[in-house]
There are 2 protein chains.
Amino acid sequence: MNAVPKAPEPQLTRSVEDYLKSVFHLTNQGGFATTSDIAAMLEVAPPSVSGMMKRLSETGLIEHVPYRGVQLTPQGRRAALQMIRRHRILESYLTSKLNYDWGDVHDEAERLEHAVSEKLIERMADALGEPRYDPHGAPIPTAAGEIEETELATLADTEVGASVILREVGDEHPDRLHYLAEQGLTPGVRLTVVDRQPFNGPTIVRLNEGMTRVVGQELALLLLCRPVGSDGE
Amino acid sequence: MNAVPKAPEPQLTRSVEDYLKSVFHLTNQGGFATTSDIAAMLEVAPPSVSGMMKRLSETGLIEHVPYRGVQLTPQGRRAALQMIRRHRILESYLTSKLNYDWGDVHDEAERLEHAVSEKLIERMADALGEPRYDPHGAPIPTAAGEIEETELATLADTEVGASVILREVGDEHPDRLHYLAEQGLTPGVRLTVVDRQPFNGPTIVRLNEGMTRVVGQELALLLLCRPVGSDGE
DNA sequence: TTTGATAATTAGGCTAGCCTAATGCCCTGT
DNA sequence: ACAGGGCATTAGGCTAGCCTAATTATCAAA
Ligand SMILES: [Mn+2]
Ligand SMILES: [Mn+2]
Ligand SMILES: [Mn+2]
Ligand SMILES: [Mn+2]
């Protein structure tokens, strides 16, 4: 018997990789990813999504329930997590080793993730000491495809009086990220919710160093926090 | 008068970028790049080249003389040199900072060159101290688009008795590069041509440390050398 | 239970890049 | 001067991805 040339792994296109990532993010809380949500996230027209979903379900990367939405198959999930690992390792590397600002890494990573080899990603991860979180606080999947799942609440949902640690900033727009960094609102910081204005008004927080910040709802929804005892844990 | 939004610079596709690089390399000694040479270099069929040449001459990146070949316009040359800078900076960075073997950098750079931003390349160049040569000894164009032009002779053309410095290895195949590195035949090494066998036979060289090497013609054609006085310069 | 609003899909079309097969140009040798 | 051979181009076709416009499915409200 001859040597079987191992699994072909047909190698995905840039578009396919981005679609899989979108489906992953949209189904992360369970349920289906809808055509229009995917279209919005990727900034393409809904018929483009319908067409791609057809192809992806034929190749076994997603499960498509017509007029309902899609979910990843195990194979699709593996591919998505691999892309997310690449993206987050790249963001971490650019930030740590090439002096990138945390607001600017996302766009660069969004392109590079499709061009790097597995080998390069692992060299970067190694050079960084196998980081577990990216610069925005998001968990980095392992090379084996495992990802940490944590329950985090947005600052907008955190009740007045509570103390929290800001764990993750769920955004990728340079302007907002730059602003948040200026305000000292970066992952790891400890916050106490002092007040919140009604009608979706701003949340007022006190930083550990005593300064207060007024955070509008748009931003408060992006700040993902873990509750903490008033003594610091 | 309103602000003119500056030159659009329509941003080139991956294919276009690779075609421009090919034309640059094939016309580097002057003359035209032929359809079949480009096709061979890019591993595509000749009609694909004809089609692309038509498009590139319409967009002003090349000058096409039908049935003769093509040359780069100044604009095409600028774009090609930018890609070559990216490629060589990437090769240098991967080698210096991520422990890549000089035989393995080329393929990685060939993909990354189309995905990196100008900013990332300049950060890498900066981190390396603005290197002037890539790991294979090829000159790196400046950010302004200037490239060093040096007359180098292949080892196969170097006469018996001559002393040379190996300046550049004009190859990109991992196997050959690994072999040459094993033999100590890397840029910067000093060689004396001891003998050459007839009928395109091997060249025998002595390294500075006294060892001799027998270099077949296929490899000797890849070793680009600068003559040197017998005293070392 | 019918009706609309909304979302999804289908229909049809476009460009970039590639291919093979057919045809055309150019040059060299006779 | 012209016949071939070899190279280049044209003709025609394919896939991936995108688009807009038209159609169809779903679901909630009347
Ligand atoms: Mn990101
Ligand atoms: Mn991407
Ligand atoms: Mn190279
Ligand atoms: Mn390339």
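Only this structure's heavy atoms are used, side chains among them; waters, hydrogens and symmetry mates stay out. Below, chain A is the first sequence line, B the second, and so on; all start at residue 1.
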A.B. asks: So, does A/Thr35 get its side chain near the phosphate of C/dT9, meaning an N or O under 4.0 Å from OP1 or OP2?
C.D. replies: yes
A.B. asks: If I take atom CD in residue A/Glu17 and atom C1' in nucleotide D/dA16, what distance separates them, rounded to the nearest angstrom?
C.D. replies: 14 Å
A.B. asks: Just to confirm, is there a sub-4.0 Å distance from OP1 or OP2 of C/dC18 to any side-chain nitrogen or oxygen of B/Ser15?
C.D. replies: yes
A.B. asks: Are the aromatic rings of A/His106 and A/His87 close, with centres under 6.0 Å apart?
C.D. replies: yes
A.B. asks: Let me know the distance between CG of B/Leu56 and P of C/dA16, rounded to the nearest Å.
C.D. replies: 11 Å
A.B. asks: Assess whether atom CD of A/Glu58 is packed by more than 12 heavy atoms of other residues, nucleotides or ligands within 6.0 Å.
C.D. replies: yes
A.B. asks: Phosphate oxygens OP1/OP2 of C/dA8: is one of them under 4.0 Å from a side-chain N or O of A/Ser36?
C.D. replies: yes
A.B. asks: Among B/Asp37, B/Val65, B/Val70, which one satisfies side-chain contact (heavy atoms from CB on, under 4.5 Å) with B/Phe32?
C.D. replies: B/Val65
A.B. asks: Any side-chain N or O of B/Thr34 below 4.0 angstrom from OP1/OP2 of D/dC7?
C.D. replies: no
A.B. asks: Mind checking A/Ser50 for me? I need base, sugar-phosphate or nothing, with any heavy atom below 4.0 Å counting as a touch.
C.D. replies: base
A.B. asks: Among the nucleotides D/dT24, C/dC18, C/dA11, which one has an atom lying closest to any side-chain atom of A/Pro47?
C.D. replies: C/dA11
A.B. asks: Between A/Ala45 and A/Pro66, which residue's closest nucleotide on DNA chain D lies nearer the 5′ terminus?
C.D. replies: A/Ala45
A.B. asks: Closest to the A/Tyr67 side chain: C/dC19, D/dA8, D/dT24?
C.D. replies: D/dT24
A.B. asks: What contact category does B/Ser48 fall into here, base, sugar-phosphate, or nothing, at under 4.0 angstrom with non-hydrogen atoms?
C.D. replies: base
A.B. asks: Atom CE of B/Met52 to atom C1' of D/dA8: distance rounded to whole Å?
C.D. replies: 17 Å
A.B. asks: Would you give the length of the straight line joining atom NE2 of A/His136 to atom CG of A/Leu180, rounded to the nearest 0.5 angstrom?
C.D. replies: 10.0 Å
A.B. asks: Could you give the CG-to-C1' distance, from A/Leu12 to D/dA16, as a whole number of Å?
C.D. replies: 13 Å
A.B. asks: Whole-Å distance between C/dA16 P and B/Met53 CE?
C.D. replies: 14 Å
A.B. asks: Base, sugar-phosphate alone, or nothing: which one does B/Arg68 contact when heavy atoms must sit under 4.0 Å apart?
C.D. replies: sugar-phosphate
A.B. asks: Distance check needed: C/dA8 P versus A/Ile62 CD1, whole Å only.
C.D. replies: 13 Å
A.B. asks: Could you check which of C/dT9, C/dA16, D/dA8 has an atom nearest any side-chain atom of A/His64?
C.D. replies: C/dT9
A.B. asks: Between B/Lys54 (NZ) and C/dA16 (P), how many Å, whole number?
C.D. replies: 11 Å
A.B. asks: Backbone N or O of B/Glu146 within a donor-acceptor pair of the B/Thr142 side chain at under 3.5 Å?
C.D. replies: yes
A.B. asks: Can you tell me how far P of D/dC19 sits from CD of A/Glu43, to the nearest Å?
C.D. replies: 10 Å
